[in-house]
Amino acid sequence: MTTTTTAEVSGKTVALGRVAQQLELKRGEFDLAVQLGHVRTVREDLGARPRVAQEEIERIRSAEGFPEALRERVRVVGTAEASQLLDVPAHRFTRLARGGHFTPVKCYLNRYRAVVWLYLAEELTDLGLRYPELLNDRQLPKETLVRLGAGEDRRPRNWRGRRAAMLLQQTDDPWERAAGIASALDAAHLAEVVTDPYERAYLSRLRPETARVGPDSPAAREIIERLQLAQDPDEVLWYRMDLAQHLSIARSARPAPRPEWERPAVGTTATARLAHMPAPATSPGPMEPKPSQLRQSDPKRRELEPVAVERVEPRSGHGRLRRGLARFRRPRTGARSSTTAP
């Protein structure tokens, strides 16, 4: 999917739900067609919903073999149907998928809340033709056996990588592309890579929606949200490095939105601001209030604050304590004088 600016959008555009009907696709098939780039979309603004130009609809409908050819390009299969398609036992296909040879494109949760992976039928057929040894050899590749022996399952990791690639394909905006990569990192790793809180907030606002799976429930969304996060240390490192690279490109394009008092002055640099900063005093003084504190505080109250700090009551308490102790001392003084008197 390609995002365009207002100036680039011309002619009639149609909402996505209406386009799915015109292309004779189910909503899940249409969403996958958009994610794979088979249907190009446009947007009038960064925060606007994507739409499809009428010319794009006519182009797809006039293609040879419509709509069967388009449906076949987005047809997905599970393990049982995939093994039949490749003419291999189901357990062998599962082992090959766990070893990382087949990349899922979608998933859903069954009634036991177990993840069921789906694969593009067209892609499986092409891989079977290019690598027949994977299907026909009695022994699996050595690296695959090592991964399976260690208990690895590459399906979630490959799905996350494919999802990141599809998110990058869906937009040309550098900050949205960075947000797509950031969606694979948890809050702790994201804070280490993006130290500016305003940039983190901007990435969070542009964060893509959680992958829609069935059934739609809070428990299912929680499972999918965890599934979208990188797990292995080398995978986390890869997303961190990729995010740092995309952030550099995004910052050079435009800064993240921030409050006006946090924005640097026009024509100044950080070096210039540091050069004009006053030297620190030899003795520590009161800290300068933040702009938000200046707006929320009352100037008259600020003048009285030092007086309130200096007005300490414990002194009168100490005076009463000394007078009370003096009363206890007087009888002892009088007794001493009576014993010494002749």
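Just so you know, residue 1 is the first one in the sequence shown, and it goes up from there.
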Trainee: Heavy-atom distance under 4.5 Å between the side chains of Leu16 and Arg27, does that happen here?
Mentor: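 Leu16 reaches Arg27 side chain to side chain.
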
Trainee: Regarding Asp126 and Arg130, does a basic nitrogen lie under 4.0 Å from an acidic carboxylate oxygen?
Mentor: yes

Trainee: Is any side-chain N of the basic residue among Asp234 and Arg157 closer than 4.0 Å to the acidic one's carboxylate O?
Mentor: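 Counted as a salt bridge, because a side-chain N and a carboxylate O are separated by less than 4.0 Å.
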
Trainee: Of all the heavy-atom pairs spanning Glu225 and Leu229, show the shortest one and how long it is.
Mentor: O-CG, 3.5 Å

Trainee: Do the side chains of Trp117 and Val105 get nearer than 4.5 Å, heavy atoms only?
Mentor: no

Trainee: Quick one: are Val76 and Leu32 in side-chain contact, heavy atoms under 4.5 Å?
Mentor: yes

Trainee: Between Asp45 and Ala48 (side chain of the first, backbone of the second, donor and acceptor by atom type, cut-off under 3.5 Å), is there such a pair?
Mentor: no

Trainee: Locate the shortest heavy-atom distance separating Ala182 from Leu190; write the atom from each residue and the value.
Mentor: CB-CD1, 3.8 Å

Trainee: Salt-bridged, Asp31 to Lys106, with N to O below 4.0 Å?
Mentor: no

Trainee: Nearest 0.5 Å, what's the CG-NE2 distance between Leu135 and His101?
Mentor: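 Output value for this atom pair is 10.5 Å.
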
Trainee: Would you find more than 12 non-hydrogen atoms of other residues, nucleotides or ligands less than 6.0 Å from Tyr108 atom OH?
Mentor: no

Trainee: What are the two closest non-hydrogen atoms of Gln139 and Leu145, and how far apart are they?
Mentor: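 So the two residues come closest at NE2-CD1, 3.0 Å.
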
Trainee: Assess the residue pair Glu56 and Val19 against the criterion (side-chain contact (heavy atoms from CB on, under 4.5 Å)); give the C-alpha distance rounded to whole Å, side-chain angles, the decisive distance to 0.1 Å, and a yes or no.
Mentor: CA-CA 10 Å; Glu56 177 70 4; Val19 177; over 6 Å; no

Trainee: Among the clusters formed by ILVMFWY side chains lying less than 4.5 Å apart, do Tyr198 and Val193 turn up in the same one?
Mentor: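 Not linked; separate clusters.
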
Trainee: Could you give the distance from CZ (Arg155) to CZ (Arg160), rounded to the nearest 0.5 Å?
Mentor: 12.5 Å

Trainee: Starting from the C-alpha separation in whole Å, work towards a yes-or-no answer on salt bridge (charged side-chain N to carboxylate O under 4.0 Å, His left out) for Arg251 and Glu199.
Mentor: CA-CA 9 Å; Arg251 289 164 179 159; Glu199 291 183 344; 2.8 Å; yes

Trainee: With a 4.0 Å cut-off on N to O distance, would you call Glu235 and Arg240 a salt bridge?
Mentor: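 No, no charged N to carboxylate O under 4.0 Å.
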
Trainee: Tell me, do Glu152 and Arg98 make a side-chain contact under 4.5 Å, heavy atoms counted?
Mentor: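 Sidechains of Arg98 and Glu152: no contact.
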
Trainee: Hey, could you give me the CG/CE distance between Leu168 and Met166, rounded to the nearest 0.5 Å?
Mentor: 10.5 Å

Trainee: Do Phe66 and Ile60 touch side chain to side chain, with heavy atoms closer than 4.5 Å?
Mentor: yes

Trainee: Check the pair Leu206 / Leu203 against side-chain contact (heavy atoms from CB on, under 4.5 Å), numbers first and verdict last.
Mentor: CA-CA 5 Å; Leu206 299 177; Leu203 292 175; 5.6 Å; no

Trainee: Is there a side-chain contact (heavy atoms from CB on, under 4.5 Å) between Glu24 and Arg71? Walk through the geometry before answering.
Mentor: CA-CA 9 Å; Glu24 303 181 27; Arg71 288 175 184 165; 3.6 Å; yes

Trainee: Kindly work out whether a path of hydrophobic side-chain contacts (I/L/V/M/F/W/Y, heavy atoms less than 4.5 Å apart) joins Leu237 to Leu185.
Mentor: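 No; tracing contacts between hydrophobic side chains, which count when under 4.5 Å, never links both residues.
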
Trainee: So Thr103 and Tyr119, do their side chains get closer than 4.5 Å, heavy atoms only?
Mentor: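 They are not in side-chain contact.
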
Trainee: Using the six-membered ring wherever Trp is involved, compare the ring planes of Phe93 and Phe102 and label them parallel, tilted or perpendicular (cut-offs 30° and 60°).
Mentor: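 Aromatic pair Phe93/Phe102 classed parallel.
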
Trainee: Is there a side-chain contact between Arg163 and Ser183, using heavy atoms and a 4.5 Å cut-off?
Mentor: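 Yes, side chains in contact.
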
Trainee: Is a side-chain N or O of Thr144 found less than 3.5 angstrom from the main chain of Leu140, in a donor-acceptor match?
Mentor: no

Trainee: Can you tell me how far CG of Leu167 sits from CZ of Arg177, rounded to the nearest 0.5 angstrom?
Mentor: 10.5 Å

Trainee: Mark yes or no for whether Arg43, through its side chain, and Pro50, through its backbone, hold a donor-acceptor pair below 3.5 Å.
Mentor: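 No; judged by distance alone, with no hydrogens or angles, the pair does not exist.
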
Trainee: Is there a path of hydrophobic side-chain contacts, each under 4.5 Å between heavy atoms of I/L/V/M/F/W/Y residues, joining Leu120 to Leu124?
Mentor: no

Trainee: Does the side chain of Thr41 reach to within under 4.5 Å of the side chain of Thr13, using non-hydrogen atoms?
Mentor: no

Trainee: Distance from Leu148 atom CG to Thr94 atom OG1, nearest 0.5 Å?
Mentor: 10.5 Å

Trainee: Would one find more than 12 heavy atoms of other residues, nucleotides or ligands at under 6.0 Å from atom CZ of Arg92?
Mentor: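 More than 12 heavy atoms, drawn from other residues, nucleotides or ligands, come within 6.0 Å of this atom.
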
Trainee: Which heavy atom in Ala90 sits nearest to a heavy atom in Ser83, and how many Å separate them?
Mentor: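 What the structure gives for the nearest pair is CA-CB, 3.7 Å.
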
Trainee: Verify the cluster assignment for Leu127 and Leu96: are they in a single hydrophobic cluster under the rule of side-chain heavy atoms below 4.5 Å apart?
Mentor: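 Yes, Leu127 connects to Leu96 through the hydrophobic network.
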
Trainee: Which is it for Asp196 and Arg258 under the salt bridge (charged side-chain N to carboxylate O under 4.0 Å, His left out) test, yes or no, and what are the steps along the way?
Mentor: CA-CA 10 Å; Asp196 189 338; Arg258 60 185 66 240; 2.5 Å; yes

Trainee: Roughly how far, to the nearest 0.5 Å, is the OG atom of Ser252 from the CG atom of Leu247?
Mentor: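 It is 10.5 Å, given to the nearest 0.5 Å.
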
Trainee: Take Ser217 and Leu109 through the test side-chain contact (heavy atoms from CB on, under 4.5 Å) and record every step on the way to the result.
Mentor: CA-CA 10 Å; Ser217 64; Leu109 302 182; over 6 Å; no

Trainee: Give a yes or no on whether a salt bridge exists between Glu29 and Arg75, defined as a side-chain N under 4.0 angstrom from a carboxylate O.
Mentor: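 Salt bridge between Glu29 and Arg75, a charged N being under 4.0 Å from a carboxylate O: no.
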
Trainee: Test Glu44 against Arg51 for salt bridge (charged side-chain N to carboxylate O under 4.0 Å, His left out), laying out the working first.
Mentor: CA-CA 9 Å; Glu44 298 180 353; Arg51 299 172 66 88; 5.6 Å; no

Trainee: Do Glu123 and Arg162 sit within salt-bridge range, that is, some charged N less than 4.0 Å from a carboxylate O?
Mentor: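 Salt bridge flag = yes for Arg162 with Glu123.
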
Trainee: Quick check: closest heavy atoms across Cys107 and Val115, and the distance to 0.1 Å?
Mentor: CB-CG1, 3.9 Å

Trainee: Return yes if some donor-acceptor pair links the side-chain N/O of Asp242 with the main-chain N/O of Trp238 below 3.5 Å, else return no.
Mentor: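 It does not hold such a pair.
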
Trainee: In terms of hydrophobic clustering (I, L, V, M, F, W, Y; side-chain heavy atoms under 4.5 Å; direct or indirect links), are Leu134 and Leu85 co-clustered?
Mentor: yes

Trainee: Would you say CZ of Arg95 has more than 12 non-hydrogen atoms from neighbouring residues, nucleotides or ligands within 6.0 angstrom?
Mentor: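 12 or below, so no.
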
Trainee: Minimum heavy-atom separation for Trp159 and Pro104, please, with both atom names.
Mentor: CD1-O, 3.8 Å

Trainee: Inspect the contact between Glu222 and Arg226 and indicate whether a charged nitrogen and a carboxylate oxygen are less than 4.0 angstrom apart.
Mentor: yes

Trainee: Using the salt bridge (charged side-chain N to carboxylate O under 4.0 Å, His left out) rule, take Arg254 and Asp173 through it: C-alpha gap first, then chi angles, then the decisive distance, then the call.
Mentor: CA-CA 10 Å; Arg254 68 177 184 275; Asp173 182 76; 2.9 Å; yes

